[in-house]
Novice: 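Encoded as structure tokens, here's the structure I'll be asking about.
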Amino acid sequence: MFTFIKYIGNLKMPQYDYGYMLECSNYYEEDGKGKLFFSPQGIQSTSNYDFRNVFSVVYSVGKPINVDTCNFEAPSFYEMDKGFDFYAPQSFKDSKGRVVLYRWLGNSKCIYPSDKNQWAHMLTIPRRVTIEGDRLLQWPLEELKELRQEKISICGEHEIKDCAFELEFEANCEFAFTLGNDKDEKIVFSGTKEEYCLDRSKMSYMYNEKYGMQRYAQRIENNNNRIRVFVDNSSIEIFCDSGKTVFTSRFYIENVSKLKISGAIGNLYYLNVIAL
């Protein structure tokens, strides 16, 4: 069976600074709303909180697209991820009717330490996407809990035996999570009452320094301090503010062996591999 696609015109959107090119668009409708996300190239920003990467990803929630006028009405658009390495997300509806999202974890304009090994980029973990008002919420797919092995209570410093784990913790207004080695090479995710910060300025292997080594996001929900972190050797995915704030990044640290957490308590789960 063939599906024929008919071109009806260019999409008309609110006038914002979208840079010089839009690509990797994805659109779906749910609960009477249209959800559009795409990857603009060339957005310029002086804000410490937005559009600090070479390329970024944005989303808008508004009225469904009017197919007669090609008009998409949306009050605003937001940056989809606050990390360093995130691009080209695509969504799918699964057999349970959930919208599931995958993204490209990498950027084509960056030279990564793993390039010399002919390994360029990867995919994020699958995430369930929901909408609250005009905000998009991302949260790890529920089935990922099936990968959990032993449960380890954490507070303070711990030795890491495997750099593939999930960390779930309740954070105070001020907290810090550090992952590193015996040489004090590390990445740090921290928070204050006002903001979050992901700092990878002390990795074993540095790259893409001209775009900065810290990423910041304003803290949205001061009363909800549950944070989930997924680490898989050279990737980290952090979910905050009920999924409104997400950091997705690569990192390169030799012989990761230490995890330190302050201003928070929670649980660590080493993860099984995903069976195909």
Side-chain angles (χ1 to χ4, degrees), residues 3-19 21-41 43 45 47 49-51 53 55-83 86-105 123-144 196 217-224 226-228 237-248:
T3 300
F4 294 94
I5 299 174
K6 180 182 178 182
Y7 171 75
I8 60 175
N10 293 332
L11 185 64
K12 301 181 181 72
M13 299 188 296
Q15 294 301 307
Y16 297 108
D17 176 15
Y18 295 118
M21 185 175 78
L22 312 183
E23 66 171 3
C24 303
S25 59
N26 192 183
Y27 175 81
Y28 69 95
E29 295 178 3
E30 189 177 44
D31 298 329
K33 294 181 179 180
K35 293 91 173 178
L36 174 68
F37 36 90
F38 52 90
S39 304
Q41 298 187 354
I43 290 184
S45 174
S47 169
Y49 297 114
D50 300 303
F51 308 115
N53 288 337
F55 299 138
S56 298
V57 178
V58 301
Y59 72 88
S60 291
V61 179
K63 296 180 180 179
I65 291 175
N66 186 320
V67 295
D68 295 319
T69 63
C70 297
N71 194 48
F72 177 60
E73 295 182 28
S76 57
F77 74 94
Y78 300 95
E79 192 171 23
M80 205 169 187
D81 194 280
K82 298 299 182 178
F86 175 89
Y87 202 63
Q90 294 293 302
S91 66
F92 309 86
K93 185 166 285 189
D94 71 3
S95 60
K96 297 180 180 179
R98 302 174 299 182
V99 177
V100 179
L101 190 74
Y102 287 91
R103 296 120 179 264
W104 188 13
L105 214 175
L123 293 178
T124 64
I125 60 172
R127 307 169 181 185
R128 185 178 182 186
V129 176
T130 57
I131 299 296
E132 183 179 290
D134 66 342
R135 299 302 296 260
L136 183 146
L137 280 60
Q138 307 171 64
W139 205 247
L141 204 63
E142 186 69 18
E143 286 84 343
L144 289 172
Y196 302 104
Q218 292 175 304
R219 202 163 180 169
I220 299 173
E221 297 184 359
N222 288 321
N223 294 324
N224 186 338
R226 180 190 177 204
I227 296 174
R228 289 180 72 183
E237 303 178 49
I238 305 168
F239 302 84
C240 318
D241 296 328
S242 302
K244 297 184 183 73
T245 305
V246 182
F247 291 79
T248 304

Novice: For Tyr78, check side-chain contact (heavy atoms from CB on, under 4.5 Å) against everything at least two apart and list the hits.
Specialist: Tyr59, Ser76, Asp134, Arg135
Novice: Check whether any side-chain N or O of Tyr196 sits under 3.5 Å from a backbone N or O of Lys82 as a donor-acceptor pair, and report yes or no.
Specialist: no
Novice: For the pair Asp241 (side chain) and Glu221 (backbone), establish whether a donor and an acceptor sit closer than 3.5 Å, ignoring hydrogens and angles.
Specialist: yes
Novice: Got Leu11 and Tyr27 here, is their nearest side-chain heavy-atom distance under 4.5 Å?
Specialist: no
Novice: For Ile65 and Glu29, work out which heavy atoms get closest and say how close.
Specialist: N-OE2, 3.8 Å
Novice: The criterion is salt bridge (Lys or Arg N to Asp or Glu O under 4.0 Å); which residues satisfy it with Lys63, sequence neighbours excluded?
Specialist: Glu73
Novice: Could you please spell out the steps behind the side-chain contact (heavy atoms from CB on, under 4.5 Å) verdict for Leu136 and Lys35?
Specialist: CA-CA 9 Å; Leu136 183 146; Lys35 293 91 173 178; 5.6 Å; no
Novice: Working to the nearest 0.5 angstrom, can you tell me the gap between Trp139 CH2 and Lys244 NZ?
Specialist: 10.5 Å
Novice: If the condition is ring pair (Phe, Tyr, Trp, His ring centres under 6.0 Å), which residues does Tyr49 pass it with, not counting sequence neighbours?
Specialist: none
Novice: Decide side-chain contact (heavy atoms from CB on, under 4.5 Å) for Gln90 and Tyr102; before the verdict, give the C-alpha distance in whole Å, the side-chain angles of both, and the deciding distance to 0.1 Å.
Specialist: CA-CA 6 Å; Gln90 294 293 302; Tyr102 287 91; 6.0 Å; no
Novice: Which atom names give the shortest non-hydrogen contact between Val61 and Gly133, and what distance separates them?
Specialist: CG1-O, 3.9 Å
Novice: Taking Lys12 for the side chain and Thr69 for the main chain, is one N or O donor matched with an acceptor at less than 3.5 Å?
Specialist: yes
Novice: Just to verify, what does Arg228 make a salt bridge (Lys or Arg N to Asp or Glu O under 4.0 Å) with, not counting sequence neighbours?
Specialist: Glu166
Novice: Does the side-chain contact (heavy atoms from CB on, under 4.5 Å) test come out yes or no for Val129 and Glu30, once each step is laid out?
Specialist: CA-CA 11 Å; Val129 176; Glu30 189 177 44; over 6 Å; no
Novice: Side chains of Phe51 and Val58: does their closest heavy-atom pair fall under 4.5 Å?
Specialist: yes
Novice: Answer whether the closest heavy-atom distance between the side chains of Leu141 and Arg98 falls below 4.5 Å.
Specialist: yes
Novice: Quick one: does Asp31's side chain get under 4.5 Å of Ile131's, heavy atoms only?
Specialist: no
Novice: Restricting to side-chain contact (heavy atoms from CB on, under 4.5 Å), what partner residues turn up for Ser60, sequence neighbours left out?
Specialist: Phe72, Ala74, Phe77
Novice: As a test of understanding, state which of Ile238, Thr124, Asn53, Thr248 forms a side-chain contact (heavy atoms from CB on, under 4.5 Å) with Asp81.
Specialist: Thr248
Novice: Kindly compute the distance separating CG (Leu137) from OG (Ser242), expressed to the nearest 0.5 Å.
Specialist: 6.5 Å
Novice: Mind listing the closest non-hydrogen atom pair of Ala217 and Phe247 along with its distance?
Specialist: CB-CZ, 3.6 Å
Novice: Atom CD of Gln41 and atom OG of Ser56: how far apart are they, to the nearest 0.5 Å?
Specialist: 10.0 Å
Novice: I'd like to check Lys93 versus Tyr28 (side-chain heavy atoms, cut-off strictly below 4.5 Å). Are they in contact?
Specialist: no
Novice: For Ser39, which residues count as a side-chain contact (heavy atoms from CB on, under 4.5 Å) partner, sequence neighbours excluded?
Specialist: Glu23, Cys24, Val57, Tyr87, Pro89
Novice: So, applying salt bridge (Lys or Arg N to Asp or Glu O under 4.0 Å) with Glu143, which one of Arg128, Lys96, Arg127 is it?
Specialist: Lys96
Novice: Using a distance-only test with no angle check, is there a side-chain donor-acceptor pair under 3.5 angstrom linking Ser45 and Asp50?
Specialist: no
Novice: Please check if the side chain of Asn26 supplies one atom and the backbone of Ser91 the other of a donor-acceptor pair under 3.5 Å.
Specialist: yes
